[in-house]
There are 2 protein chains.
Amino acid sequence: MTESPEDENVFRALADPTRRKILDELTERDGQTLFEICARLAMKHQHTASRQSVSQHLDTLAAAGLVTSRRDGRYKFHYLDTTPLRRLTERWRRPETKET
Amino acid sequence: MTESPEDENVFRALADPTRRKILDELTERDGQTLFEICARLAMKHQHTASRQSVSQHLDTLAAAGLVTSRRDGRYKFHYLDTTPLRRLTERWRRPETKET
DNA sequence: ACCATAGGCAAGTGTTCACTTGCCTATCAA
DNA sequence: TTGATAGGCAAGTGAACACTTGCCTATGGT
């Protein structure tokens, strides 16, 4: 059972608390721009994150396939994609179901 | 939506490839000792990990609640517990289901 | 043309984290 | 008791990673 490189990226992406908060933010409101995400992180999560920091986190999330983006003029909208999460925990499901 | 400290530990525990392989190993054969895990990692995954390294990984997995252990004389058996994985991905499930 | 906004790129910094190293305790067999 | 096995503890090292800093491009409004 060797894992795919994509799975590696997903686990790495989920490891950081700020990135998980970004996913929370996109879950609540999909298609936000970089500035929107920064502002809402600061307000709702009392979490001060710089623009560059959030931008790099979005790159990491994109590498994991968890976030896609679409350019429109000056604006770049970010969208959540939860499909990489589906197979994630299936991996450690026992062959025989273990009950306490 | 603030995450629990236990969830933080679970995400951190899953971030490391060696720890995921240990979970793979315990999925295939539950209740292994430290030395068994080391030996099987080396054989099956061509992954050379020292005893101390694996021991520290088991501590991290235990802190996440993913592994429990039971002492019996000289031996300490390690058991997989997948319950912390259940709620993990539910968090980012959209209110409206997004397709493609 | 100008300026402000939205975002990108890349080098540098500091912290976290995995792994090693060395020594220690505990159990079991002879 | 002696030796071997199974595991633990803690300080030190090196690399990965999050974040900053400084400067750049591009779009839109006036």
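Just so it is clear: chains get the letters A, B, ... in the order the sequence lines come, proteins before strands, and each one is counted from 1.
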Taking atom [atom2] of [N] as reference, at what distance in whole Å does atom [atom1] of [X] sit?
X: A:D16; N: C:dC17; atom1: CG; atom2: C1'; result: 14 Å
X: B:F35; N: C:dT27; atom1: CZ; atom2: P; result: 16 Å
X: A:L41; N: D:dC19; atom1: CG; atom2: P; result: 11 Å
X: B:Q32; N: D:dG7; atom1: CD; atom2: P; result: 11 Å
X: A:R12; N: C:dT16; atom1: CZ; atom2: C1'; result: 14 Å
X: B:K76; N: C:dA26; atom1: NZ; atom2: P; result: 15 Å
X: B:F11; N: C:dC17; atom1: CZ; atom2: C1'; result: 19 Å
X: B:L61; N: C:dC17; atom1: CG; atom2: P; result: 14 Å

Just compare [options] and give me whichever is closest to any side-chain atom of [X].
X: B:R51; options: C:dG7, D:dG8, C:dC19; result: D:dG8
X: A:Q52; options: C:dG8, D:dG7, D:dG8; result: C:dG8
X: B:Y75; options: D:dC19, D:dA6, C:dG7; result: D:dA6
X: B:S53; options: C:dC19, D:dA18, D:dG7; result: C:dC19

Do the side-chain N or O atoms of [X] get closer than 4.0 angstrom to the phosphate oxygens (OP1, OP2) of [N]?
X: A:S55; N: C:dG7; answer: no
X: A:T60; N: D:dA18; answer: no
X: A:H57; N: D:dC19; answer: yes
X: B:R71; N: C:dT27; answer: no

side-chain contact (heavy atoms from CB on, under 4.5 Å) assessment of A:W92 paired with B:L85
CA-CA 9 Å; A:W92 297 295; B:L85 298 176; 3.8 Å; yes
Does any N or O donor sit under 3.5 Å from an N or O acceptor when you compare the side chain of B:R74 with the base of D:dG7?
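Per atom types, no contact qualifies.
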Do NZ/NE/NH1/NH2 and the carboxylate oxygens of A:E3 and B:K21 come within less than 4.0 Å?
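No, this pair does not count.
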Would you call B:R87 and B:E90 a salt bridge, using N to O less than 4.0 angstrom?
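Looking at B:R87 and B:E90, the cut-off is not met.
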Quick one: on DNA chain C, does A:F77 or A:Q56 contact a more 5' nucleotide (nearest heavy atom)?
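Closest to the 5' end, via its nearest nucleotide, is A:F77.
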Under a single-linkage definition using a 4.5 Å side-chain heavy-atom cutoff for Ile, Leu, Val, Met, Phe, Trp and Tyr, are A:L88 and B:I22 assigned to the same hydrophobic cluster?
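Yes: a chain of side-chain contacts under 4.5 Å links A:L88 to B:I22.
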Walk me through it: do B:F77 and B:T33 pass the test side-chain contact (heavy atoms from CB on, under 4.5 Å)?
CA-CA 5 Å; B:F77 302 102; B:T33 66; 3.6 Å; yes
5' priority, DNA chain D, between A:S50 and B:H78 [closest heavy atom]:
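Comparing both residues, the 5'-ward one is B:H78.
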